[in-house]
Amino acid sequence: MRPNQVRTCLEAKETVINAWLSIGSSYAAEGVGHSGVHSVTVDLQHGMLGFSEALLMMQAISATPATPMVRVPDLDPAKIMHLLDAGAYGIICPMISTPEQAADLVSACRYPPYGNRSFGPSRGLLFGGADYVSKADETIMVIPMIETAEAVERIDEILDVDGIDMIYMGPNDLAFALDGNVNTPREKSEAALDAVLKAANKKGIPAGIFCGSAEEARKRAAQGFHLVTPANDFGHLTRSMKEAVRFVKEGPQTDSAPEVVQHGY
C-alpha cells in the first residue's frame, strides 16, 4: 500500500507540516501538495466545499508527494466511510469530547473485526494499491479533535481508546470553551493545551495543532507538537495579497509584526 507520509515522518521523529485547504480548488490543492508539506487536509467542516470538490482535490493531491487527509464535518460514520473510500489517508474529526465518541470514530475508520467500516474501497483501492484492504487499518490515521472542556477533562480516557493514532488540537474552540473568547492572552486554554500535550506524550500518542501563522507553527513545534498546520489557504492568500498591496503603496516595511491569520480553527 502507498505509504502515509505523516506516519513516516512521525516514525523518523520529524515534525509533520500539514497544509489546510478551505477553498474548493483542485488546482490550488495540487500546487499546495508540491509546496514541500508532508500532508494536505481538505476541510469539509468549515471549508467552502463539499464531497465533489473534496474528491477532485484528493485526486490532485495524489499527484504530489503529500498525503491527502480530510477534516470531516462531524462524527457521521457514513460520511467518514465515503471519504475514506474516496482516498483519504487520515480522518480528522471535530468535537470529540468523550471516549465513546472516540471509539465510534475508530470504528467508522477500521474494517472488521476492529471496526464497522463497510467494504467498498473504490478510489481508496486505486490510490492505495492492490493490498489496500489488508493494509488500510495500519496506514490510515484516526485523529480526533480535542477542542472542548469535556475533552480536556476526559483526555486520559480518550487517549486510552484503542486505535487513536493522533489527536489534533482546535485552539480557537478551546479558547471559546475555557476563556470565553478567542482573544489573547488565553491563559486557561493555553494551560489546557499544554496539559493535553503532556498527557498525549505520556501515552505515546502524537499531537497536532492548528496555528495562525508559520511563526506560531514553529513555536508549537518547539513546544512539542508533532504536527503543525501553519494557517489555511484562504488566510495565506489574503495575507499575501494585503502584503503585496501594502508594498506597492508604501515600499518595504521593517517594523511591522507578522499578521496572524484569523480564518483558522
With rounding to the nearest 0.5 Å, note down the distance linking CG in Leu126 to CD in Gln59.
-> 8.5 Å

Could you grab the distance from atom CD1 of Ile155 to atom NZ of Lys203, nearest 0.5 Å is fine?
-> 9.5 Å

Salt bridge (charged side-chain N to carboxylate O under 4.0 Å, His left out): which pairs involve residues 182-197, sequence neighbours left out?
-> Glu190-Arg220, Asp194-Lys198

Is the number of heavy atoms from other residues, nucleotides or ligands under 6.0 Å of Asp162 CG greater than 12?
-> no

For residues [X] and [Y], determine if any side-chain heavy atom of one lies less than 4.5 Å from a side-chain heavy atom of the other.
| X | Y | value |
| --- | --- | --- |
| Phe127 | Arg2 | yes |
| Met1 | Leu125 | no |
| Gln101 | Ile158 | no |
| Ile143 | Ile167 | no |
| Leu227 | Met166 | yes |

Just say parallel, tilted or perpendicular for the rings of Trp20 and Phe210, cut-offs at 30° and 60°.
-> perpendicular

When every non-hydrogen atom of Ala66 is compared with those of Val37, the smallest separation belongs to CB-O, 3.9 Å

So, Thr229 versus Asn18: side-chain donor-acceptor pair below 3.5 Å or not?
-> yes

Ignoring hydrogens and angles, state whether a donor on the side chain of Asn4 or Thr139 is under 3.5 Å from an acceptor on the partner side chain.
-> no

Just do the side-chain contact (heavy atoms from CB on, under 4.5 Å) check on Thr148 and Met95 with the steps written out, would you?
-> CA-CA 7 Å; Thr148 67; Met95 297 293 177; 3.5 Å; yes

Summary of side-chain hydrogen bond (donor to acceptor under 3.5 Å, both in side chains) pairs that have at least one residue in residues 113-128, sequence neighbours excluded = Ser62-Arg123, Asp85-Arg117, Ser107-Asn116, Tyr111-Arg117, Arg117-Tyr132

ring-ring contact (aromatic ring centres under 6.0 Å, His included) filter on Phe225, not counting sequence neighbours, yields none

Given Asp233 and Arg239, is the salt bridge (Lys or Arg N to Asp or Glu O under 4.0 Å) satisfied, shown in steps?
-> CA-CA 10 Å; Asp233 52 353; Arg239 178 169 55 183; over 6 Å; no

Run the salt-bridge test on Arg154 and Glu157 with the 4.0 Å N-O cut-off and return the result as yes or no.
-> yes

